K.L.:
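Quick one: structure below, then a few questions.
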Amino acid sequence: MGNGSKLKVEICLGTTCFILGASELQDLAQYLEPELLDRVDIVGRTCLGFCKDRKFDGAPFVRLDERVVIERATVTRVTEKIKAMLKEKDAE
Amino acid sequence: MPSMNNAAERVRRELLIRVIRGELDGTLDQEIDRIPIVMRPSNQPASRCCVYKDRAVLKYRLMGILGFGVEDETDEAKPLREYLAEARLRREPPKEVLSVAPVACYGCIESHYVITNACRACFARPCTFSCPKQAITVGPKQAEIDHSKCIDCGKCTTVCPYKAIIRVPIPCEEACPTGAIRKDESGREWINFDTCISCGKCLKACPFSAVLERSQIIEVIRAMKEGRRVVAMVAPAIIGQFPATLEQLAEGLRKAGFSDMLEVASGAELTARNEAIEFFERMERGDHLMTSSCCPAYVEAVKKLIPEMRRFVSSTPSPMVYSGRLAKERDPECVTVFIGPCVAKRKEACSDPNVDYVMTFEELGALFAAREINLGTLEGLKLEREADPYARGFGAGCGVTAAILHEMSAGEGQTPPKIDGKLINPVDRKNMRMLKLHALGKLPGNFLEVMACEGGCVGGPCALVDAEKGGAAVRKLAKEE
């Protein structure tokens, strides 16, 4: 399986996201089951830009495959979404 | 699983961001009384019984951010903007640093042991046999504990075949190493400041977010707005707290309104050097023990509750004290702000003329967020002076001992006394007893590094990342030559 078929997981590590929870999210890989871990590509981003215009309510943000944005992301919420999206991919 | 991420912490940080942003913009007067309503609008579900209670709790939390405790409230109808006006004029930071909001305090049940409905009222009834006080009787449906007889020994929990008896702790009281937080007749918790050591463990433990910290952030922003030179004295534990290098932090702090960053590790160099000399002298004169003195919660614990230990606590000033001196020697007009993960440092700073204010990492993070400073994108400033790697290790458990050992081995001419170092960490009830025994000479070891928080300063109540990760980052930097 090439890198292209992996699900891209972008974690916003901007300062706002970081203090509102991304400090935990940066360890996402530790919490993922090995089967899931093989199918994702986790990257930390200095800032995804979603908190602009002073909208920090949704922080921390995580983006999946450059299209799905998870607000108030937690390890559990992100893991669930990853599973759902991988299932969708498999069905395609 | 993550322990840092919870609703209480999130609310705390969100409030800080809103207050700091408003005060920087000059709009806080108009906004502050609205913050509870904006954060808990009536069309959204409440976290407690109703949005009105949520808002009432937020009001007390905002009072804390403005530097006021529940004890300062004389009129419940007093709006937050009036507290804000007083905070802006305040010249002395508050003397006490913690407070409990009675509306937020759930009044956790007193009884520690509870028989749950998993009890089958079985025939064998080992609980009644194990109880030394005959406090358990078995009714037709399940067993009951007579709480007037129960002595909280917990023997019943171990013998129940259904595991039906559980211990329900009162989180704040459980966390408090000195028994300073206690219930009044109504079941609400209050802090007894005669025995409180300001360690801040209750702050972290309360799941209802009822314990408030009195912040000095308004004063810090005032100093910045007045155009003073505000020096950020960052504790060694800062590395790993933000996704940034020390160089990036130095630039971020400058952008946030500070004039300079001073590593408190520079002060720690002096602490380590002088504490090594003091240890030598004390051993020469025949003392059996010396303890570190950089943890203010521990020093307060000794002062208030372990009189036997008083004469063994090192009299060498803490890294914060030395750093304050360094900053004021360089520029007597500057305003010094210690920034760390610690609640008790606020208390220590009260009696130090060279440390004007204390901020926490949490507050610093909120300041970065309010100013929209993205540390990761900064180039970084070259540090004026690199602190000694050993001194940079002060923020994690055993770091102080390592630095002192390093200083002693560097000493020339003299044969250093044999150091038998022990780490006492965290300061909890059990270790309070151990400390007493050490003072009485009943336990081995001639040097004690005492840290109130689990893992050292990195485990402080206002840290942003967990102690293990923070500790790893501190140790990594300390070993880099």
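Every chain is numbered from 1 and lettered A, B, ... according to where its sequence line falls, protein lines coming before strand lines. Not measured: the values here are computed from a predicted model.
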K.L.:
Is it the side chain or the backbone of Q26(A) that comes within 4.5 Å of chain B heavy atoms, both, or neither?
P.N.:
side chain
K.L.:
Identify which of D27(A), L13(A), T15(A) forms the greatest number of heavy-atom pairs closer than 4.5 Å to chain B.
P.N.:
T15(A)
K.L.:
Counting only heavy atoms closer than 4.5 Å, note whether I373(B) contacts chain A via side chain, backbone, both or neither.
P.N.:
backbone
K.L.:
Taking side chain to side chain contact (heavy atoms under 4.5 Å, CB included) as the definition, give me every residue that meets it alongside R81(B), ordered by chain and number, with sequence neighbours left out.
P.N.:
I32(B), D33(B), P79(B)
K.L.:
Which residues satisfy the side chain to side chain contact (heavy atoms under 4.5 Å, CB included) test with D65(A), sequence neighbours excluded?
P.N.:
L7(A), K8(A), R67(A), M85(A), K89(A)
K.L.:
Please lay out, stage by stage, how R12(B) and L203(B) fare under the test side chain to side chain contact (heavy atoms under 4.5 Å, CB included).
P.N.:
CA-CA 11 Å; R12(B) 215 157 80 189; L203(B) 182 79; 3.9 Å; yes
K.L.:
Is the closest basic N to carboxylate O distance between D41(A) and K6(A) below 4.0 Å?
P.N.:
no
